[in-house]
Amino acid sequence: MIPPSNSPSASSDVDDFSGEDVDTVMGLLADQRRRTLLRSLERADGTATLSEVAEAIATEARAPDPGAISDLAGVSSRDVREVRISLHHLHVPKLAAAGAIDYDSETETLTLRERGRTLLDRQEAVCGPLR
């Protein structure tokens, strides 16, 4: 049963974003790299380096042969570098500004925050279970 909207237990789809509108939340999830970044951090128990996430995203985008020996089979260093640059200059700042992740520029460490987990939950609610 859905609680009445004036009920204290009622919540909106963006309740963890303190009144931000649905467009803001959906904008954060609109880009495949941001979604993959959040998933990569979740798979890494919430913390990873920028380079580790860039490699994971480049590998996922390339969809290498599952029987390949190396995790980076078919992914060039140029591909990883391009992903890393886009993460550093665009996607990480956007997610950090929204409070979804923390970024330590000295160690280049990314940490998934509760808002990031909420974004993943919202995505799963819309798209089904994430792989």
Side-chain angles (χ1 to χ4, degrees):
M1 180 173 153
I2 300 173
S5 61
N6 60 356
S7 165
S9 63
S11 65
S12 70
D13 286 342
V14 293
D15 58 354
D16 290 341
F17 284 86
S18 304
E20 287 183 280
D21 64 9
V22 174
D23 291 336
T24 301
V25 174
M26 297 306 286
L28 290 169
L29 292 172
D31 189 276
Q32 178 67 33
R33 285 201 177 155
R34 285 194 291 274
R35 294 190 305 268
T36 305
L37 185 157
L38 292 171
R39 275 197 317 272
S40 294
L41 288 174
E42 185 178 55
R43 288 180 190 141
D45 294 326
T47 303
T49 66
L50 185 62
S51 294
E52 290 168 340
V53 172
E55 289 174 5
I57 291 171
T59 301
E60 185 173 312
R62 191 58 94 115
D65 175 9
I69 295 172
S70 169
D71 287 342
L72 294 175
V75 178
S76 71
S77 60
R78 183 180 194 165
D79 292 337
V80 174
R81 184 173 185 272
E82 185 272 323
V83 170
R84 190 178 189 290
I85 289 169
S86 75
L87 292 176
H88 180 76
H89 291 288
L90 178 64
H91 305 297
V92 167
K94 189 167 208 148
L95 289 170
I101 63 171
D102 284 326
Y103 179 61
D104 181 338
S105 60
E106 287 185 26
T107 62
E108 294 191 332
T109 302
L110 302 162
T111 305
L112 185 63
R113 296 183 65 193
E114 192 56 40
R115 284 186 168 186
R117 294 180 197 285
T118 300
L119 284 171
L120 288 169
D121 291 343
R122 300 301 182 241
Q123 180 189 355
E124 190 169 328
V126 172
C127 301
L130 303 173
R131 53 182 172 124

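It should be emphasised that the depicted structure is a prediction, and the values quoted were computed from it without experimental measurement. Basis for what follows: all heavy atoms, side chains included, without hydrogens, waters or symmetry-related copies.
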Any T49 side-chain heavy atom under 4.5 Å of L110 side chain: no
Those residues that, when tested against S105, pass side chain to side chain contact (heavy atoms under 4.5 Å, CB included) (two or more places apart): Y103
Sequence-distant partners of R84, side chain to side chain donor-acceptor pair (under 3.5 Å), two or more places apart: S51, E108
Backbone N/O of V25 and side chain of R122: donor-acceptor pair under 3.5 Å: no
Contacts of I85 that satisfy side chain to side chain contact (heavy atoms under 4.5 Å, CB included) - sequence neighbours left out: R81, H89
Distance, nearest 0.5 Å, that separates CG of L37 from NE2 of H91: 8.5 Å
Nearest heavy atoms of P93 and L87, plus distance in Å: CD-O, 3.5 Å
Test item: D23 and M26 side chains (from C-beta on) under 4.5 Å apart, heavy atoms: no
L90 CG to L95 CG distance, which is reported to the nearest 0.5 Å: 9.0 Å
OG on S77 to CD on E55, rounded to 0.5 Å: 10.5 Å
Qualifying residues under side chain to side chain donor-acceptor pair (under 3.5 Å), relative to S86, sequence neighbours excluded: R33
Salt bridge (Lys or Arg N to Asp or Glu O under 4.0 Å) contacts in which one or both residues fall within residues 88-106, not counting sequence neighbours: D102-R113
Minimum side-chain heavy-atom gap V53-I57 below 4.5 Å: yes
Distance, nearest 0.5 Å, that separates CG of L28 from OG1 of T118: 12.0 Å
With T109 via side chain to side chain donor-acceptor pair (under 3.5 Å) - residues at least two apart: T107
T111 vs I101 side-chain heavy atoms within contact, under 4.5 Å: no
Heavy-atom closest contact (V80 atom, A58 atom, distance): CG2-CB, 3.9 Å
For D31, salt bridge (charged side-chain N to carboxylate O under 4.0 Å, His left out) partners two or more places apart: none
salt_bridge(R43, E60) N-O dist < 4.0 Å: yes
Separation of E42 CD from L119 CG (nearest 0.5 Å): 11.5 Å
With sequence neighbours excluded, residues passing salt bridge (charged side-chain N to carboxylate O under 4.0 Å, His left out) with E52: none
Residue list, side chain to side chain donor-acceptor pair (under 3.5 Å) with T36, at least two apart or on another chain: Q32, R39
